[in-house]
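To start, the structure under review is shown below, and the notes come after it.
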Amino acid sequence: MALVEESFIAAAGPGGQNVNKVATAAQLRLDVFALRLPPEVFHRLKDLAGSKMTAKGEIVLTARSYRTQEQNREDGRKRLADLLREACNLPARRAKSRLNRVGKTARLEGKKKRGAIKAGRGKVSFD
C-alpha cells in the first residue's frame, strides 16, 4: 500500500483545447496517520496544512500550475515534501530570561516614575 495516492483531474486555465481533453492537474492524497508521526510534529503539520487536511486525516494537494501531468506531479510531490519537512522543523524553545535584583528594582523605579508622570496629567480642578 502506498502512502501517497496520485490521481489526475481536469484543470482549468491555460492550455487551449488540450485542457478540455486531458486531465492534467495532479491530486495527491497522503494519509497522515499512516506516517506514525510524533504528536508535536503531527499537530504542527495539521496547523501548517490548514484546509488541505480532511477530517479523516488526509492531506489533499492539487497541483495545477503547469500544462503537463508530469510537471504537475513533480510540483505536487515537491510541495508535499516541503510541507512535511517544515512540520518536522520544530521551533527552538525559548529560554526563560532571568532578572537579577538590581535589574528588578531599576525596572520598578522606572515604572513608578512613569506612573507619577501620568498621574500628573489628570484634569485640572480650580477648587
Side-chain angles (χ1 to χ4, degrees):
M1 183 187 142
L3 290 176
V4 178
E5 292 177 23
E6 291 178 346
S7 59
F8 295 98
I9 57 176
Q17 287 301 310
N18 188 53
V19 79
N20 299 329
K21 294 185 287 185
V22 182
T24 55
Q27 188 176 60
L28 285 79
R29 289 181 170 272
L30 170 70
D31 185 11
V32 177
F33 295 124
L35 294 177
R36 304 258 188 246
L37 297 172
E40 59 273 2
V41 176
F42 172 77
H43 290 298
R44 186 160 161 77
L45 179 61
K46 191 174 176 182
D47 290 341
L48 288 171
S51 63
K52 294 178 195 86
M53 186 173 236
T54 65
K56 293 180 182 177
E58 288 183 329
I59 293 180
V60 180
L61 276 178
T62 305
R64 62 179 83 207
S65 302
Y66 299 98
R67 292 185 182 200
T68 64
Q69 282 185 349
E70 195 55 42
Q71 284 178 311
N72 282 328
R73 175 189 279 145
E74 288 304 314
D75 180 46
R77 287 178 178 177
K78 181 183 174 300
R79 284 173 39 204
L80 190 59
D82 290 344
L83 186 66
L84 290 170
R85 198 173 297 113
E86 181 67 29
C88 289
N89 290 339
L90 297 174
R93 293 195 51 101
R94 181 183 164 279
K96 189 176 177 183
S97 59
R98 289 200 39 172
L99 196 61
N100 59 15
R101 183 183 51 81
V102 175
K104 187 175 180 180
T105 55
R107 182 179 67 86
L108 292 175
E109 282 299 316
K111 285 171 73 83
K112 280 192 168 74
K113 283 181 187 174
R114 192 76 193 141
I117 291 170
K118 287 186 173 189
R121 291 186 190 154
K123 233 180 197 178
V124 178
S125 63
F126 298 105
D127 298 349

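Bear in mind that the values here come from a model prediction, so they are computed numbers and not experimental data. Reckoned from all heavy atoms, side chains included, excluding hydrogens, waters and symmetry mates.
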**Asked** Are any of the side-chain nitrogens in D82 or R85 under 4.0 Å away from the carboxylate oxygens of its partner?
**Response** yes
**Message:** Run the salt bridge (Lys or Arg N to Asp or Glu O under 4.0 Å) test against E109 and tell me which residues pass, sequence neighbours left out.
**Reply:** none
**Message:** Are F33 and V60 connected into the same hydrophobic cluster when the rule is that any two of I, L, V, M, F, W, Y join if their side-chain heavy atoms are below 4.5 Å apart?
**Reply:** no
**Prompt:** What distance separates E6 CD from N72 CG, expressed to the nearest 0.5 Å?
**Reply:** 11.0 Å
**Closest approach of A23 to Q69 (non-hydrogen atoms, all atoms of both residues)** = O-NE2, 2.7 Å
**Prompt:** Do V41 and L35 have side-chain heavy atoms sitting under 4.5 Å apart?
**Reply:** no
**Fill in**
Closest heavy-atom pair, D75 versus A63, reported as atoms and distance to 0.1 Å, is OD2-CB, 3.8 Å
**Message:** Once rounded to the nearest 0.5 Å, what's the spacing between atom CZ of R67 and atom CD of Q71?
**Reply:** 10.0 Å
**Message:** Quick check for you: to the nearest 0.5 Å, what is the distance between D47 atom CG and F42 atom CZ?
**Reply:** 10.0 Å
**Separation of R44 CZ from L83 CG (nearest 0.5 Å)** = 10.0 Å
**Request:** Can you measure from CZ (R77) to CG (L61) and round to the nearest 0.5 angstrom?
**Result:** 13.0 Å
**Message:** Test of understanding: with side-chain contact (heavy atoms from CB on, under 4.5 Å), list the residues that count as partners of K118, not counting sequence neighbours.
**Reply:** R114, R121
**Asked** Atom CG of L48 and atom CE of M53: how far apart are they, to the nearest 0.5 Å?
**Response** 10.5 Å
